[in-house]
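In what follows, a single structure is set out as structure tokens and then discussed.
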Amino acid sequence: LDDLALLVKSLMDVILSGLLLLMTSPVLLLAALLIKLGGRGQVIFKQQRVGLSGRAFMLYKFRTMEPDAESRRDALLALNEMKGAAFKIKNDPRITPIGRWLRRLSIDELPQLFNVLKGEMSLVGPRPPLPDEVDLYEPAQRRRLSVRPGITGFWQIKGRNKVADFDHWVEMDLEYIDRWSLSLDLSIMLRTIPVVLFMRGAR
């Protein structure tokens, strides 16, 4: 990858994520208030994820599940709808009523803009996996970790939660890595806007 283009990508990440945080600050405050009023538990959910070159980092999201959601995950493994090294459940019983709306509107993802500012994530890239998911990767699938993970990417604009096969998900990520350019990033960001506004594939 071209070093100058990567530098521009990093600068774009910092500038755009900062602007987006300023623009969405009223939404961030309202979401935090609704979560706090909705019951016990932290407003921000923190979870270890795997980023560039396999380095671990703490990902931030608005909490959309019950406080004990992580401890209940193993009990729900049999309901996993994703084939391969990922975990997805339609109508996950751990999601709170407020959390369901935050997810449908993609507001729960906004705190990840802080991850972008910290250099742990990019605005565009493969979704950051859990450590136990990476443990299940086949050798070729580890190439997903050769770029910074992103908030949006091919997965979001080409199906999102409708994608039920992890191999297909990886194919999209590797296509992004192989085709990467600044213009591709801009195209994905623009195509993400209607996906979010019309809640395509969100749940």
Side-chain angles (χ1 to χ4, degrees), residues 1-35 42-64 101-130 143-161 169-170 172-202:
L1 298 177
D2 183 76
D3 289 342
L4 179 59
L6 284 174
L7 176 60
V8 173
K9 175 181 172 71
S10 296
L11 291 173
M12 285 174 53
D13 282 339
V14 171
I15 294 170
L16 292 178
S17 60
L19 287 173
L20 286 170
L21 281 170
L22 287 174
M23 292 169 58
T24 61
S25 56
V27 177
L28 291 166
L29 291 172
L30 179 59
L33 179 62
L34 291 173
I35 295 169
Q42 298 294 319
V43 170
I44 298 295
F45 173 69
K46 301 176 183 179
Q47 187 179 54
Q48 190 178 73
R49 296 293 181 98
V50 180
L52 177 64
S53 301
R55 290 192 291 268
F57 70 97
M58 200 62 69
L59 177 136
Y60 308 126
K61 294 182 71 173
F62 278 125
R63 182 177 61 82
T64 58
W101 278 104
L102 293 178
R103 286 184 172 216
R104 286 186 64 82
L105 297 168
S106 299
I107 293 172
D108 64 312
E109 308 277 358
L110 290 177
Q112 290 169 49
L113 292 170
F114 288 105
N115 289 116
V116 177
L117 278 177
K118 292 171 65 178
E120 298 162 336
M121 292 180 62
S122 177
L123 290 173
V124 183
R127 290 298 297 155
L130 292 163
R143 197 155 64 90
R144 291 183 82 233
L145 308 177
S146 64
V147 297
R148 281 191 179 89
I151 297 177
T152 188
F154 275 156
W155 176 72
Q156 282 81 354
I157 64 175
K158 290 189 175 184
R160 210 170 177 181
N161 284 309
W169 190 346
V170 171
M172 289 188 286
D173 288 337
L174 298 185
E175 179 188 355
Y176 166 76
I177 292 170
D178 291 336
R179 290 178 50 194
W180 181 81
S181 67
L182 291 173
S183 59
L184 178 60
D185 273 9
L186 288 171
S187 173
I188 290 173
M189 283 189 275
L190 290 174
R191 291 168 65 184
T192 299
I193 295 172
V195 170
V196 171
L197 290 178
F198 296 105
M199 299 181 283
R200 295 173 186 165

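Values below: all heavy atoms of this structure, side chains included; hydrogens, waters and symmetry mates excluded.
A donor-acceptor pair is defined here as one N or O able to donate and one able to accept, closer than 3.5 Å; no such pair exists between the side chain of D13 and the backbone of G119. Looking at R144, its side chain does come within 3.5 Å of a backbone N or O of R127 through a donor-acceptor pair. A donor-acceptor pair is defined here as one N or O able to donate and one able to accept, closer than 3.5 Å; such a pair exists between the side chain of T192 and the backbone of I188. The backbone N or O of R191 sits nowhere less than 3.5 Å from a side-chain atom of Q156 that would complete a donor-acceptor pair. With hydrogens and angles ignored, the 3.5 Å screen pairs a side-chain donor or acceptor of S181 with a backbone N or O of L184. R148 contributes no side-chain N or O that, together with a main-chain N or O of S122, makes up a donor-acceptor pair within less than 3.5 Å.
Nearest heavy-atom pair, T64 versus R103, reported as atom, atom and distance to 0.1 Å: OG1-NE, 2.9 Å. For the residue pair V124 and G153, the shortest heavy atom distance occurs at CG1-CA, 4.4 Å. Heavy atoms only, all atoms of each residue included: A5 and L182 are closest at O-CD2, 3.5 Å. In terms of heavy-atom proximity, S17 sits nearest to L117 at OG-CD2, 3.3 Å. Minimum heavy-atom separation, L52 to P149: N-CD, 3.9 Å.
Rounding to the nearest 0.5 angstrom, the gap separating the CG atom in L16 from the CE atom in M23 is 10.0 Å. Here the CD1 atom belonging to I157 is positioned 6.5 Å from the OG1 atom belonging to T152, to the nearest 0.5 angstrom. With rounding to the nearest 0.5 Å, the separation of CG in L20 from CG in L113 is 5.5 Å. Separation of atoms CD1 (I151) and CE (M189) is listed at 10.5 Å; rounding is to 0.5 Å. In this structure, R63 CZ and I44 CD1 are separated by 10.5 Å, a value rounded to the nearest 0.5 Å. The structure places CG of D108 at 4.5 Å from NZ of K61, a figure rounded to the nearest 0.5 Å.
In this structure the side chain of M121 reaches within 4.5 angstrom of the side chain of P128, judged on heavy atoms. Within the 4.5 Å cutoff, side-chain heavy atoms of L130 are placed close to those of R49. Taking the side chain as every heavy atom from C-beta outward, F57 and N115 approach each other to under 4.5 Å. Under the 4.5 Å side-chain criterion, counting only non-hydrogen atoms from C-beta, W180 is in contact with L6. I107 places a side-chain heavy atom less than 4.5 Å from the side chain of F62.
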Full working for side chain to side chain contact (heavy atoms under 4.5 Å, CB included) between M12 and L186: CA-CA 10 Å; M12 285 174 53; L186 288 171; 3.7 Å; yes

Steps toward side chain to side chain contact (heavy atoms under 4.5 Å, CB included) verdict (E175, K158): CA-CA 12 Å; E175 179 188 355; K158 290 189 175 184; 3.4 Å; yes

L33 and L29: CA distance, side-chain angles, deciding distance, side chain to side chain contact (heavy atoms under 4.5 Å, CB included) verdict: CA-CA 6 Å; L33 179 62; L29 291 172; over 6 Å; no

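For CD of Q47, the number of neighbouring non-hydrogen atoms (other residues, nucleotides, ligands) closer than 6.0 Å is greater than 12.
Partner of V116 under the side chain to side chain contact (heavy atoms under 4.5 Å, CB included) criterion, chosen from L21, V14, L123: L123.
Note on ring orientation: taking the six-membered ring where Trp is involved, the planes of F154 and Y176 are perpendicular (angle over 60°, cut-offs 30° and 60°).
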